[in-house]
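Here's the structure, in C-alpha cells; my notes come after.
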2 protein chains.
Amino acid sequence: MQMIPTKNIKEASQGLRALAHETRLAVLCHLLQGPMCVQELMAATGASQSNLSQHLSKMRLMGILESEKRGQHVYYRIANPDFGELVLALKRIYCPDMCS
Amino acid sequence: MQMIPTKNIKEASQGLRALAHETRLAVLCHLLQGPMCVQELMAATGASQSNLSQHLSKMRLMGILESEKRGQHVYYRIANPDFGELVLALKRIYCPDMCS
DNA sequence: TTGACTTATCATCATATTCTAATATATTCG
DNA sequence: CGAATATATTAGAATATGATGATAAGTCAA
C-alpha cells in the first residue's frame, strides 16, 4: 500500500466531505443507477428543492457530479465511475449483511 | 449495483464524516502501514498533541480505529481492513498518476 | 405575453466542527 | 516520593456547514 502524497490528502479530504452528508450520499447512490433530474432526486431523497439544489451544486463544484440541461429539466450524473468503487467499499463496511 | 438501504445511509455518511478531514485522512493513510503511537502520528501529521488526540478519539468512537495501551504509549490501528479498500478507491480518484 | 413549472441563488439563522490553551490522568524513572 | 513523559479531557472562541424561505431566471405551452 503506497502513501497518498500530502498535497493530495487535502483534495481527497475535501472530496470526502462533499460525500459525507446523508442527502448527498443518497443522491450518489441513486445516480449509480443512471442520470436523474432534480425533481426525481427530490422524490427519491425527500429533500426540499432549495436544499437539494445546494447539495447538487456542491457536488458538481467538487467534481463528483456533472449536469446537463435538457428542456426545463437538469439531469445530473456521476462524473467519475470510480465513485462507484468507493460506494462499494462503503457497503462492505456499513452493510456487511448485504450480499454484494 | 444495489442500493444502500436508507437506514444505513446515515451510518455510512457519519463514517465518511469521520474520515473527511485532512488530519484524520492522513492518520488513516499512515496506519495502513501498521500500528503507530500518538507521538509517531504527531510527527507524521504535524498536528498538535491535543488536536491529534481529539481526532483519534473521534475515529475510535466511530469504529474506524482501535487503540491499545502499552506502557506509557497508546498504539492505534485500523479497526476494519475494508477502510484500506476505501482509501484505494480514493487514490484512484484523487491520485490517478500514482501507479497503484 | 402570461402563467405554470423547474432549477438556481441569496440571506439568514441554527447547528456542528475545529483549534487552542489549560488542566487532568497515568506511567516510568531516578 | 517527585519529576518527566505520554495521552486524554475540557472549555471556549472561531469557523464551517446546513436548512429554510424568498426570490430570480430559464423554459414551455396556451
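No hydrogens, no waters, no symmetry mates; every other heavy atom, side chains included, goes into these values. Lettering follows sequence order; numbering is per chain, from 1.
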Self-check item: Non-neighbouring partners of A:Q72 that pass side-chain contact (heavy atoms from CB on, under 4.5 Å), sequence neighbours left out
Solution: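 Testing A:Q72 for side-chain contact (heavy atoms from CB on, under 4.5 Å), a comparison that skips the adjacent residues, returns none.
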Whole-Å distance between [N] [atom2] and [X] [atom1]?
| X | N | atom1 | atom2 | value |
| --- | --- | --- | --- | --- |
| B:L41 | D:dA8 | CG | P | 10 Å |
| B:L25 | C:dT18 | CG | P | 13 Å |
| B:M59 | C:dT18 | CE | P | 11 Å |
| A:Q39 | C:dA4 | CD | P | 16 Å |
| B:E22 | C:dT17 | CD | P | 18 Å |
| B:M36 | D:dA6 | CE | P | 15 Å |
| B:H73 | D:dA8 | NE2 | P | 12 Å |
| A:M42 | C:dT7 | CE | C1' | 10 Å |

List in chain and number order the residues that pass side-chain hydrogen bond (donor to acceptor under 3.5 Å, both in side chains) with [X], two or more places apart in sequence or in another chain; answer none if no residue qualifies.
| X | value |
| --- | --- |
| B:N80 | none |
| B:R60 | none |
| B:E11 | none |

Quiz item: How does protein reach along nucleotides 15-30 of chain D, written 5' to 3' as B (base within reach of a heavy atom under 4.0 Å), S (only sugar-phosphate), or - (no contact)?
Solution: --SSSBBB---SBS--
Quiz item: Quick one: salt bridge (Lys or Arg N to Asp or Glu O under 4.0 Å) pairs with a partner in residues 46-58 of chain B, sequence neighbours left out?
Solution: none
Practice problem: Hey, can you tell me if B:H21 and B:H55 have their rings parallel, tilted or perpendicular (30° and 60° cut-offs)? | Solution: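 Plane angle between 30° and 60°, so tilted.
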Quiz item: Under 4.0 angstrom, heavy atoms only, what part of the nucleic acid is A:Y76 near: base, sugar-phosphate, or nothing?
Solution: sugar-phosphate
